[in-house]
Amino acid sequence: MKLQLPSDRHATLRVVPMPADTNAAGNIFGGWLMSQVDIGGSIVAIRRAQGPVTTVAVNAFRFLLPVYVGDVVSLYGEVTRVGTTSITVDVRVYVERGLRSPTKVGEVEQVAEATLTYVAIDAQYRKREVPPLPN
């Protein structure tokens with residue numbers, strides 16, 4: 001069965017990696033992908049925190065498949081836990097394969113998944129409580 005991008009929600013972030021983002025093997029550098037995951041996860045956490053957050057932990061990160069120059073990378077984030085000051089976000093990363101991919105152009109594959117924890121902060125970078133969800 002062919003994999004498709006999740007149709008029940010919008011991507012938190014979409015980006016196309018460029019040649020400058022490659023490692024010595026010619027694939028996209030894992031650190032670049034980790035950075036995108038942190039950005040995508042923080043967007044979800046900021047929305048839930050209703051203000052700024054800072055990353056305090058990468059609880060888990062799994063690289064499943066390589067990413068290539070020209071792939072359309074789509075990140076889907078979801079809040080999985082809310083504490084007094086913290087927010088845990090799961091991020092799933094998919095690609096729509098581009099012209100440089102050794103697999104079929106346009107094919108969708110999940111390439112990574114991660115769990116990150118953020119802490120809500122105030123203007124002085126001190127922890128603050130995450131507000132309750134509005135009714």
Side-chain angles (χ1 to χ4, degrees):
M1 181 173 133
K2 229 178 186 183
L3 187 62
Q4 295 183 344
L5 293 174
S7 60
D8 59 338
R9 53 195 173 135
H10 295 285
T12 305
L13 180 67
R14 282 205 169 120
V15 64
V16 176
M18 297 299 182
D21 304 317
T22 59
N23 59 24
N27 303 324
I28 297 306
F29 178 56
W32 179 88
L33 189 59
M34 291 180 83
S35 174
Q36 301 309 308
V37 166
D38 190 24
I39 293 167
S42 71
I43 291 169
V44 174
I46 287 166
R47 287 178 179 154
R48 177 57 188 88
Q50 300 173 26
V53 299
T54 189
T55 310
V56 295
V58 177
N59 309 80
F61 201 111
R62 288 185 52 212
F63 295 97
L64 305 172
L65 293 169
V67 177
Y68 305 103
V69 171
D71 286 350
V72 177
V73 180
S74 298
L75 296 93
Y76 293 81
E78 178 181 15
V79 172
T80 57
R81 183 184 172 283
V82 177
T84 304
T85 62
S86 66
I87 299 167
T88 302
V89 178
D90 282 350
V91 179
R92 303 253 185 264
V93 184
Y94 298 87
V95 297
E96 295 171 79
R97 295 296 185 186
L99 296 174
R100 294 191 183 194
S101 171
T103 59
K104 188 175 180 185
V105 173
E107 185 175 309
V108 173
E109 296 182 297
Q110 184 179 352
V111 296
E113 56 191 22
T115 302
L116 299 95
T117 301
Y118 301 88
V119 168
I121 55 174
D122 64 17
Q124 288 72 43
Y125 300 96
R126 293 183 304 238
K127 286 189 216 182
R128 65 176 174 84
E129 288 191 12
V130 176
L133 286 173
N135 291 332

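- Using a 4.5 Å cut-off on side-chain heavy atoms (C-beta onward), V95 and V72 make no contact.
- The heavy-atom pair separating R48 from P131 by the smallest distance is NH1-O, 2.7 Å.
- Between the side chain of R92 and the backbone N or O of E78, no donor-acceptor pair lies under 3.5 Å.
- The main-chain N or O of G77 is found under 3.5 Å from a side-chain atom of T12 such that the two form a donor-acceptor pair.
- The shortest non-hydrogen separation linking P66 to V111 is O-CG1, 3.9 Å.
- For the atom pair OG1 (T55) and CD1 (I39), the distance works out to 9.5 Å, reported to the nearest 0.5 Å.
- Separation of atoms CG (L3) and CD (E109) is listed at 8.0 Å; rounding is to 0.5 Å.
- In this structure, the side chains of Y68 and N27 come closer than 4.5 Å at one or more pairs of heavy atoms.
- Of the candidates L5, V15, V108, L13, L5 is the only one forming a side chain to side chain contact (heavy atoms under 4.5 Å, CB included) with S74.
- Under a hydrophobic-cluster definition in which Ile, Leu, Val, Met, Phe, Trp and Tyr are linked whenever side-chain heavy atoms come within less than 4.5 Å, directly or via other members, V130 and V53 are assigned to the same cluster.
- Here the closest heavy-atom approach between residue Y76 and residue R14 is recorded as OH-NH2, 3.3 Å.
- Rounding to the nearest 0.5 Å places CZ of R128 at 8.0 Å from CD1 of I121.
- Side-chain contact check for I28 versus V69: some heavy-atom pair is nearer than 4.5 Å.
- Side-chain atoms of R62 never come within 3.5 Å of backbone atoms of A112 as a donor-acceptor pair (strictly under, hydrogens ignored).
- The number of heavy-atom neighbours closer than 6.0 Å to CD of E107, taken from other residues, nucleotides and ligands shown, is above 12.
- The nearest pair of heavy atoms linking L65 to Q110 is CD1-O, 3.6 Å.
- The CD atom of E113 sits 11.5 Å away from atom CZ of F63, with the distance rounded to the nearest 0.5 Å.
- Between V105 and R97 there is no side-chain heavy-atom pair separated by less than 4.5 Å.
- With contacts defined as side-chain heavy-atom distances shorter than 4.5 Å, the pair L64/V93 does not qualify.
- Looking at heavy atoms from C-beta onward, S86 lies in side-chain contact with R81 at the 4.5 angstrom threshold.
- Taken together through direct or relayed side-chain contacts under 4.5 Å among Ile, Leu, Val, Met, Phe, Trp and Tyr, V58 and I46 form part of one hydrophobic cluster.
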### Task
Before giving the answer on side chain to side chain contact (heavy atoms under 4.5 Å, CB included), spell out for V73 and Q36 the whole-Å C-alpha distance, their side-chain angles and the decisive distance to 0.1 Å.
CA-CA 9 Å; V73 180; Q36 301 309 308; 5.7 Å; no
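- Annotation: F61, atom CZ; neighbour count of heavy atoms from other residues, nucleotides and ligands within 6.0 Å is above 12.
- Residues V119 and I43 do not share a hydrophobic cluster, clusters being chains of Ile/Leu/Val/Met/Phe/Trp/Tyr side chains in contact below 4.5 Å.
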### Task
Please assess Y118 against V89 for the test side chain to side chain contact (heavy atoms under 4.5 Å, CB included), listing each intermediate value before the final yes or no.
CA-CA 8 Å; Y118 301 88; V89 178; 4.1 Å; yes
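- The two residues N59 and T117 make their nearest non-hydrogen contact at OD1-OG1, 2.9 Å.
- A 4.5 Å side-chain heavy-atom check between P17 and V67 finds at least one atom pair inside the cut-off.
- Across all non-hydrogen atoms, the minimal contact from V37 to A114 is CG1-CB, 3.8 Å.
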